Amino acid sequence: MPPKSNSEPKVVAQWMPVEEEKLVKFLHSHHAEAMDGTGNFKPQTYNHLPAAIAAYQMPGTPVKTPLQCKNKWRVLRQLYAEIQRYCTSGKHWDNENGAAIVGTDAGQVWDKYTKVKYFFGHITHKSLHPYRNRGWSLLDMISEIMPS
């Protein structure tokens, strides 16, 4: 007899930049509803997100679920925290040029810094890799949502 399976296969959501932007704008307009001072929102807020971003999804893709929206917000918060750690370490960051890495030596240091580390719980900085010389337009809005 085959094993029982009560769950359907997980669908990985594909996010367009405009969907991410609309998600953050929605949460920004509802940030007074953040419930615990860590940037988390009440379940009702996540329940309204799929409808708020549905018009911006890729054609032919399923509507995002509240859980997918919540997970995307978690990923965006993690990237925000990573940028904050990078900035507080005294390194340059701006929203137009990101880390603004220029030159071979600086590039090698950046590549080493953003390399994945899976060794005894070391922090990975891989999420910063795309921002070597480009900023992140959502940073300011997310910083207004997140507690100081």
Side-chain angles (χ1 to χ4, degrees), residues 2-101 109-148:
K4 289 184 179 181
S5 175
N6 293 336
S7 62
E8 295 182 22
K10 291 184 180 179
V11 177
V12 177
Q14 300 294 319
W15 288 83
M16 299 286 292
V18 68
E19 290 176 298
E20 291 178 353
E21 179 185 344
K22 296 302 178 184
L23 179 140
V24 172
K25 282 185 177 181
F26 181 89
L27 293 176
H28 186 269
S29 68
H30 292 83
H31 76 276
E33 300 168 17
M35 64 184 210
D36 62 2
T38 64
N40 289 315
F41 289 85
K42 295 177 183 176
Q44 302 90 303
T45 305
Y46 296 114
N47 290 340
H48 294 291
L49 269 166
I53 63 173
Y56 304 96
Q57 72 187 49
M58 291 187 295
T61 60
V63 175
K64 307 292 190 288
T65 66
L67 180 59
Q68 289 170 326
C69 293
K70 182 178 181 179
N71 289 340
K72 176 50 92 172
W73 174 238
R74 183 180 42 83
V75 168
L76 294 173
R77 279 187 5 231
Q78 289 170 344
L79 177 55
Y80 169 80
E82 189 62 38
I83 291 170
Q84 294 305 307
R85 278 191 292 275
Y86 182 79
C87 292
T88 57
S89 68
K91 296 176 178 77
H92 171 79
W93 179 273
D94 68 65
N95 284 346
E96 190 171 322
N97 300 306
I101 303 299
V109 170
W110 176 258
D111 289 343
K112 185 176 180 180
Y113 183 80
T114 59
K115 187 176 181 180
V116 179
K117 299 176 185 178
Y118 293 114
F119 185 69
F120 294 109
H122 285 181
I123 295 172
T124 178
H125 304 289
K126 182 181 178 185
S127 61
L128 285 181
H129 192 73
Y131 302 99
R132 175 183 179 141
N133 287 312
R134 78 176 161 122
W136 190 38
S137 61
L138 302 177
L139 184 66
D140 288 338
M141 242 189 311
I142 292 176
S143 68
E144 291 175 11
I145 297 170
M146 297 300 291
S148 34

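Sequence positions, counted from 1, serve as the residue numbers for this chain. These numbers were taken from a predicted model, which means no experiment stands behind them.
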Hey, can you pull the donor-acceptor pairs under 3.5 Å for the side chains in residues 44-54, sequence neighbours left out?
unit_1: T45; atom_1: OG1; unit_2: E33; atom_2: OE1; d: 2.9
unit_1: Y46; atom_1: OH; unit_2: F41; atom_2: N; d: 3.2
unit_1: N47; atom_1: ND2; unit_2: P43; atom_2: O; d: 3.4

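A 4.5 Å side-chain heavy-atom check between P17 and Y56 finds every atom pair outside the cut-off. At least one side-chain heavy atom of N40 sits less than 4.5 Å from a side-chain heavy atom of R77. Proximity of L23 to L76: side-chain heavy atoms (C-beta onward) are separated by under 4.5 Å at one or more points.
In this structure K22 satisfies the salt bridge (Lys or Arg N to Asp or Glu O under 4.0 Å) test with no other residue, sequence neighbours excluded. Applying the salt bridge (Lys or Arg N to Asp or Glu O under 4.0 Å) rule to E144 yields no partners; only residues at least two apart in sequence or on another chain are considered. With sequence neighbours excluded, no residue satisfies salt bridge (Lys or Arg N to Asp or Glu O under 4.0 Å) with K91. A search for side-chain hydrogen bond (donor to acceptor under 3.5 Å, both in side chains) contacts involving N97 returns nothing, not counting sequence neighbours. Residues satisfying the ring pair (Phe, Tyr, Trp, His ring centres under 6.0 Å) criterion with H28, sequence neighbours excluded, are H31.
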Decide side chain to side chain contact (heavy atoms under 4.5 Å, CB included) for D111 and H129; before the verdict, give the C-alpha distance in whole Å, the side-chain angles of both, and the deciding distance to 0.1 Å.
-> CA-CA 8 Å; D111 289 343; H129 192 73; 3.8 Å; yes
Take W73 and F26 through the ring pair (Phe, Tyr, Trp, His ring centres under 6.0 Å) test and state the conclusion after the steps.
-> CA-CA 11 Å; W73 174 238; F26 181 89; over 10 Å; no
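Note that CD of E21 and CD of E19 are 11.5 Å apart. Values are rounded to the nearest 0.5 Å. The structure places SG of C69 at 11.5 Å from CD of E20, a figure rounded to the nearest 0.5 Å. How far CZ of R74 is from CG of L67: 9.0 Å, rounded to the nearest 0.5 Å.
Screening Y131, W136, W110, Y80 for a ring pair (Phe, Tyr, Trp, His ring centres under 6.0 Å) involving Y86 leaves a single residue, W110.
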